[in-house]
Undergrad: 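Sharing a structure, written as structure tokens. Questions coming.
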Number of protein chains: 4
Amino acid sequence: FKTAVKAGKVRKPTSIISTICDDRGDELTYNGVPISEVCKEEYVLGDVIGLLWFKRKLPSYASRFIEMCLKLVADHGPCVSGAHNTIVAARAGKDLVSSLVSGLLTIGPRFGGAIDDSARVFKDAIDRNLTPEQLVEGMKSKGKRIPGIGHLIKSADDIDKRVVILKQYAKTHFSSSKYLEYALEVEKYTLQKANNLILNVDGCIGVLFLDLLHSCDLFTKEEIKEIIDVGYLNGFFVVGRSIGLIGHALDQKRMRQPLYRHPYDDVLYASD
Amino acid sequence: FKTAVKAGKVRKPTSIISTICDDRGDELTYNGVPISEVCKEEYVLGDVIGLLWFKRKLPSYASRFIEMCLKLVADHGPCVSGAHNTIVAARAGKDLVSSLVSGLLTIGPRFGGAIDDSARVFKDAIDRNLTPEQLVEGMKSKGKRIPGIGHLIKSADDIDKRVVILKQYAKTHFSSSKYLEYALEVEKYTLQKANNLILNVDGCIGVLFLDLLHSCDLFTKEEIKEIIDVGYLNGFFVVGRSIGLIGHALDQKRMRQPLYRHPYDDVLYASD
Amino acid sequence: FKTAVKAGKVRKPTSIISTICDDRGDELTYNGVPISEVCKEEYVLGDVIGLLWFKRKLPSYASRFIEMCLKLVADHGPCVSGAHNTIVAARAGKDLVSSLVSGLLTIGPRFGGAIDDSARVFKDAIDRNLTPEQLVEGMKSKGKRIPGIGHLIKSADDIDKRVVILKQYAKTHFSSSKYLEYALEVEKYTLQKANNLILNVDGCIGVLFLDLLHSCDLFTKEEIKEIIDVGYLNGFFVVGRSIGLIGHALDQKRMRQPLYRHPYDDVLYASD
Amino acid sequence: FKTAVKAGKVRKPTSIISTICDDRGDELTYNGVPISEVCKEEYVLGDVIGLLWFKRKLPSYASRFIEMCLKLVADHGPCVSGAHNTIVAARAGKDLVSSLVSGLLTIGPRFGGAIDDSARVFKDAIDRNLTPEQLVEGMKSKGKRIPGIGHLIKSADDIDKRVVILKQYAKTHFSSSKYLEYALEVEKYTLQKANNLILNVDGCIGVLFLDLLHSCDLFTKEEIKEIIDVGYLNGFFVVGRSIGLIGHALDQKRMRQPLYRHPYDDVLYASD
Ligand SMILES: CC(C)(COP(=O)(O)OP(=O)(O)OC[C@H]1O[C@@H](n2cnc3c(N)ncnc32)[C@H](O)[C@@H]1OP(=O)(O)O)[C@@H](O)C(=O)NCCC(=O)NCCS
Ligand SMILES: CC(C)(COP(=O)(O)OP(=O)(O)OC[C@H]1O[C@@H](n2cnc3c(N)ncnc32)[C@H](O)[C@@H]1OP(=O)(O)O)[C@@H](O)C(=O)NCCC(=O)NCCS
Ligand SMILES: CC(C)(COP(=O)(O)OP(=O)(O)OC[C@H]1O[C@@H](n2cnc3c(N)ncnc32)[C@H](O)[C@@H]1OP(=O)(O)O)[C@@H](O)C(=O)NCCC(=O)NCCS
Ligand SMILES: CC(C)(COP(=O)(O)OP(=O)(O)OC[C@H]1O[C@@H](n2cnc3c(N)ncnc32)[C@H](O)[C@@H]1OP(=O)(O)O)[C@@H](O)C(=O)NCCC(=O)NCCS
């Protein structure tokens, strides 16, 4: 029997199981919806993400919310890690895909990858009925920062327009904003500590997506947990920012920029 | 003087020139348009691509055409190179960005990368006043295939719905379809050779974008030439397909698929 | 003062600190050793890794051990994740670097990336004076597998030659093999559970490197801890296997292999 | 019959053909040589490259030449494109493989990728019996630079030690240096134009490998042509520099360097 299982194990990994798209029939389908339907004008790209990632037709306000997130994160200038590496690769004469990818590979915990983490932290805090104080001080005692809180440049006095836009959209279209409200309580608490400990754009997308998942009546508790555990939400940043990164690569190619070389005098050769 | 130039050359590469996005002021701008404007609902993601790649506000029918192209190419099943490599990487337990990128790196001349090439070939043929016969036989005499023509599975009898959708959109919204009509003449000619030598989806996007650029009155001849030379159009495939690739990565992670190993018996060890 | 720190923080990230190589003087140096010295025949590539990663001239038996590890992991056939993705990318017509990278991105917890983890687990077990039984049962109670133990195909009856070679080398050249001996005690224990729960090649490299670091008298306890924490050892696999991956890419290109497409009938379209 | 071919074509791409390594038997073999043989001390890593890329046991002086090339190109400081992007990715908190790959993707025509091109150009010139003058002026008339000639910093007065080392090795060990001598004639000619138009390290490796392939009596003319056409030689740079890139990633991680952000004031926002 054991060997039979083994044999099965050897065979099973060679088969692929796939659920999101079917290209076999007369017409391509995305989670069962034929492509001719998907291409109708009332479908936005957010709907395609709904079908291919979340495996269902999202309500229009949800698809439009995803589309808004993509637009908001599409670019943030040439100085951030991702754009910078794409620019350096493009100036080394590399093709579009290589240049894009060199930049994408900087997306992670410190750049663009805090959406899932902040959703995890705020969901967990609410599940465990923590007060804002308990959350903040609890994290502090573990020496951890709260993902989705804090900004290098923006502050309570110099607010980030992108967060205002997101909050405004949710206010108008979402039936509940429990997670956002909780995060804003947390922000109130952290702002007492420092003026720049605001709910940032990653954090805001994270909690608003929690609100969306919980209030749209399409996902079970287990499905929401799985989405947050697996980490779907950073995907919005990745797709959106791809547009900006490709823009930077094309920009450099169009201007025929030469090979980048970092200046000697900006480097400390520390073994000296 | 020579040394002055040299000095200049050493200094210049350390500066970066960038034109598409400005993150310095109060509010982020995409090619001069503030993000609060970009986030209004009448802007689709196609408009953001217009601003960040083509550096202008495209007319609505053009932005919606770009959005349609993204939707059309968003996925094509788990069997193609890109999805396959993303699936293998995800099953090796790699993070979302690494899995996506492993798949993106297969996009090129044989998979997803024929849009720019077909635009180049058809533009050149029209610029040089070639008849369809001259184009086809000229390429043949050089031993080259026409990019954008031919399909492994689809044929004149089993048409590709995606091409029908694209043609329909152009008919309704574009003021000129000179390049499409020429490509359809070429298709007529190649269909006499074989039933599957149809204008494929890459070719159709390529010529329709030529029609769009020429008929929307926003680009000079030189700008169009530059867009085609630099190779902007494959970017549509890359952004669109990123959605599908991420979908495949999440799909495998959700199903906790084990490490993929290609079966021994599907490999010919040719040094035997 | 706080703001001064802030200012400093803003400035500091733009400077780069680097310690491994100096390209400014008359002659390139690797950790202070001039390249003309490095190129002498008595230096093997293992010595270069010693200088550039571990920042010291390793004794000859250590450099040769590293070189042996690179040779041992250089390739393991076309069926494993890394080689497979490189082959698929090469067959999509992609350049050498893109093909290599598509494969490299599968290296991780389930493929090639268990060396650091097994060093961590065995170091921790010895630091905490765990008996083999305590280690194995402790991991089991946490539902975790011991990295570096177990093999899909090899077993106590069908031993892995690569492990024999490694052990033989250590026996001949290392002054201590405390970590290896401990791991072999653990193997004795796990072999009672199943015949295939052997110390595998990743695990063997991991513990032997612990022995090397501890017995060569060149590293402090803190430095060893840092090497294991940061995760230097998977780097051996990455460099070594790059040779095999490039070999596979060149092999496919030489044979002009066409675009790979996974067969429909090997896929379960599970939404059916 | 046609349909039979078609059927064949559909089936064939699903099978993989592979020739460099066999992992099926009792013992892993590299091009037929068992791994226990490969691990003997007289085999250097250059021999493994011989087996896995060139599919034969190279003579010792050739394997040691490859090993020397790897050592020479292993690193060139933190300022070049590859190291820079790896450093930026590592400082964004990315894992070792992602950081390495972000840097590798800058290797190409302007950084590290001139070895194959210079072998192509010099081989072609000798095949066509061009004088150095004809080669240089012919390229000039086509507006092309000679790959492997020229250096930003080094010159006839400030020679590159790495080139001296390579030439010295070839003089001692190679039975013919026809291609090197030709390249040095070309250098004589270009040095009349400018003092920095020296044979650079990429060019020197390129022509010396031509000499090696032609004089070691192991390769037919057709095989040499194929090696140069397919482009094997940049692989030396890729493998060698991987060591340096990994070194830079580990260096940054060890020093816990924060997120890199390019300074605003080093960027010209040109749409201003
Ligand atoms: C964005 C960020 C890097 C800005 O940091 P900064 O302004 O340089 O903050 P500093 O490092 O100077 O810290 C100042 C104080 O605020 C605290 N702090 C900063 N971010 C915090 C957070 N997210 N949660 C709790 N406390 C935080 C620090 O611990 C420090 O407290 P102390 O003075 O008592 O030691 C930081 O807030 C952060 O890491 N946020 C979490 C990650 C995140 O959301 N990133 C978004 C981009 S993906
Ligand atoms: C898509 C494609 C691979 C399908 O090929 P296929 O059906 O297997 O075609 P075959 O290789 O069997 O060729 C059959 C005949 O059609 C010809 N043919 C195929 N594609 C052709 C093209 N694009 N232009 C001209 N002739 C073509 C072949 O030369 C061959 O002619 P012959 O019998 O006189 O020698 C092929 O048409 C092609 O390479 N197209 C161009 C690239 C492209 O647009 N790809 C889209 C995906 S990115
Ligand atoms: C290599 C490996 C995948 C082979 O697994 P396998 O032979 O398919 O093992 P199975 O999954 O059938 O497990 C059989 C039993 O052995 C146990 N087992 C397998 N590997 C184990 C390990 N590393 N430590 C402890 N127990 C292990 C399983 O828990 C199972 O026990 P059970 O029957 O009581 O539930 C597995 O041993 C493993 O994951 N090892 C650790 C990771 C590693 O070192 N990988 C090396 C490649 S990078
Ligand atoms: C390495 C390199 C970038 C240095 O360039 P540089 O010193 O900045 O040279 P400049 O661009 O100032 O050119 C100065 C003159 O030398 C000529 N020149 C430079 N490199 C040349 C070459 N490789 N072949 C022929 N002429 C060359 C230029 O055409 C120019 O001539 P002009 O004054 O008559 O117009 C350049 O020599 C080059 O591109 N070499 C080929 C690629 C190569 O081998 N790269 C190695 C790294 S991978």
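The model shown is predicted, which means the values in this text are computed figures rather than measured ones. Throughout, protein chains are lettered first and strands after them, A, B, ... in sequence-line order, and every chain is numbered starting at 1. When reading the values below, keep in mind they use all heavy atoms of this one structure, side chains included, and skip hydrogens, waters and symmetry mates.
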Undergrad: Of the listed residues (Ile35(C), Val239(C), Leu45(C)), which shares the most heavy-atom pairs with chain D below a 4.5 Å separation?
TA: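 When all of Ile35(C), Val239(C), Leu45(C) are compared, Leu45(C) has the most.
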Undergrad: Measuring heavy-atom distances to chain C, does Tyr169(D) have an atom under 4.5 Å in its side chain, in its backbone, in both, or in neither?
TA: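 Only the side chain of Tyr169(D) comes within 4.5 Å of chain C.
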Undergrad: Sort by residue number and list every member of residues 58-69 of chain C having a non-hydrogen atom under 4.5 Å from chain D.
TA: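 Only Arg64(C), Glu67(C), Met68(C) of residues 58-69 of chain C have a heavy atom under 4.5 Å from chain D.
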Undergrad: Sort out for me which residue in Thr29(D), Ile20(D), Asp22(D) forms a side chain to side chain contact (heavy atoms under 4.5 Å, CB included) with Asp75(C).
TA: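 Of all the options given, the one that passes is Ile20(D).
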Undergrad: Please classify the contact between Leu96(C) and chain D as side chain, backbone, both or neither, with a heavy-atom cut-off of under 4.5 Å.
TA: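 Leu96(C) touches chain D through side-chain heavy atoms alone.
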Undergrad: Counting only non-hydrogen atoms closer than 4.5 Å, can you tell me which residues of residues 227-234 of chain D sit against chain C?
TA: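 Within residues 227-234 of chain D, the residues that come under 4.5 Å of chain C (heavy atoms only) are Val230(D), Gly231(D), Tyr232(D).
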Undergrad: Tell me, for Arg256(D) versus chain C, whether the close heavy atoms (under 4.5 Å) come from the side chain, the backbone, both or neither.
TA: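 Arg256(D) touches chain C through side-chain heavy atoms alone.
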Undergrad: If the condition is side-chain contact (heavy atoms from CB on, under 4.5 Å), which residues does Asp23(D) pass it with, not counting sequence neighbours?
TA: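 Testing Asp23(D) for side-chain contact (heavy atoms from CB on, under 4.5 Å), a comparison that skips the adjacent residues, returns Arg261(B), Tyr264(B), Tyr269(B), His76(C), Pro78(C), Leu28(D).
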Undergrad: Identify the heavy atoms of Tyr30(D) and Leu72(C) that sit nearest to each other, and give their distance.
TA: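 Closest approach of Tyr30(D) to Leu72(C), heavy atoms only: OH-O, 3.4 Å.
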Undergrad: If we define contacts as heavy-atom pairs under 4.5 Å, which of Glu226(C), Glu27(C), Lys71(C) has the most with chain D?
TA: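 Ranked by heavy-atom pairs under 4.5 Å with chain D, first place is Lys71(C).
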Undergrad: Name the member of Ser242(C), Gly235(C), Ala74(C) that forms the most heavy-atom pairs with chain D at distances under 4.5 Å.
TA: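 The residue among Ser242(C), Gly235(C), Ala74(C) with the greatest pair count is Ala74(C).
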Undergrad: When rounded to the nearest 0.5 angstrom, what distance separates OG in Ser18(C) from CE in Met255(D)?
TA: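 Between atom OG of Ser18(C) and atom CE of Met255(D) there are 6.5 Å.
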Undergrad: Between Lys154(D) and chain C, with a heavy-atom cut-off of 4.5 Å, which part of the residue counts as in contact: side chain, backbone, both or neither?
TA: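 For Lys154(D), the side chain is the part near chain C, not the backbone.
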Undergrad: In Å, rounded to the nearest 0.5 Å, how long is the span from OG1 of Thr19(D) to CZ of Arg254(C)?
TA: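 Answer for the OG1-CZ pair, Thr19(D) versus Arg254(C), is 4.5 Å.
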Undergrad: If I measure from the heavy atoms of chain C, does Leu100(D) come under 4.5 Å with its side chain, its backbone, both, or neither?
TA: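 For Leu100(D), the contact with chain C is made by the side chain alone.
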Undergrad: Given 3.5 Å as the limit, does a donor-acceptor pair link the side chain of Gln252(D) with the main chain of Ile17(C), or not?
TA: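 Pair found, side chain donor or acceptor close to backbone of Ile17(C).
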Undergrad: Just so I understand: if I count every heavy-atom pair under 4.5 Å between each of Val101(C), Asp251(C), Val97(C) and chain D, which residue has the most?
TA: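 Among Val101(C), Asp251(C), Val97(C), the one with the most close pairs to chain D is Asp251(C).
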Undergrad: CG/Asp26(D) to NZ/Lys161(C) distance, rounded to the nearest 0.5 angstrom?
TA: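 Going from the CG atom of Asp26(D) to the NZ atom of Lys161(C) covers 6.0 Å.
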Undergrad: Checking heavy atoms, do the side chain of His248(D), its backbone, both or neither come under 4.5 Å from chain C?
TA: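 Contact with chain C: backbone and side chain both.
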Undergrad: Under the rule for side-chain contact (heavy atoms from CB on, under 4.5 Å), what residues qualify as partners of Val164(C), not counting sequence neighbours?
TA: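 Only Ile159(C) meet the side-chain contact (heavy atoms from CB on, under 4.5 Å) criterion with Val164(C).
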Undergrad: At a 4.5 Å cut-off on heavy atoms, which part of Ile246(D) comes close to chain C: side chain, backbone, both, or neither?
TA: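 For Ile246(D), backbone and side chain are both near chain C.
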Undergrad: By a 4.5 Å heavy-atom criterion (distance strictly below it), what part of Ile165(C) contacts chain D: side chain, backbone, both, or neither?
TA: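 Ile165(C) touches chain D through side-chain heavy atoms alone.
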Undergrad: Taking every heavy-atom pair that is under 4.5 Å apart, which of Ser98(D), Cys39(D), Ala249(D) has the most such pairs with chain C?
TA: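 Counting heavy-atom pairs under 4.5 Å, the top option is Cys39(D).
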Undergrad: For the residue pair Leu104(C) and Leu104(D), establish whether any side-chain heavy-atom pair is separated by less than 4.5 Å.
TA: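 Of all side-chain heavy-atom pairs linking Leu104(D) with Leu104(C), at least one is under 4.5 Å.
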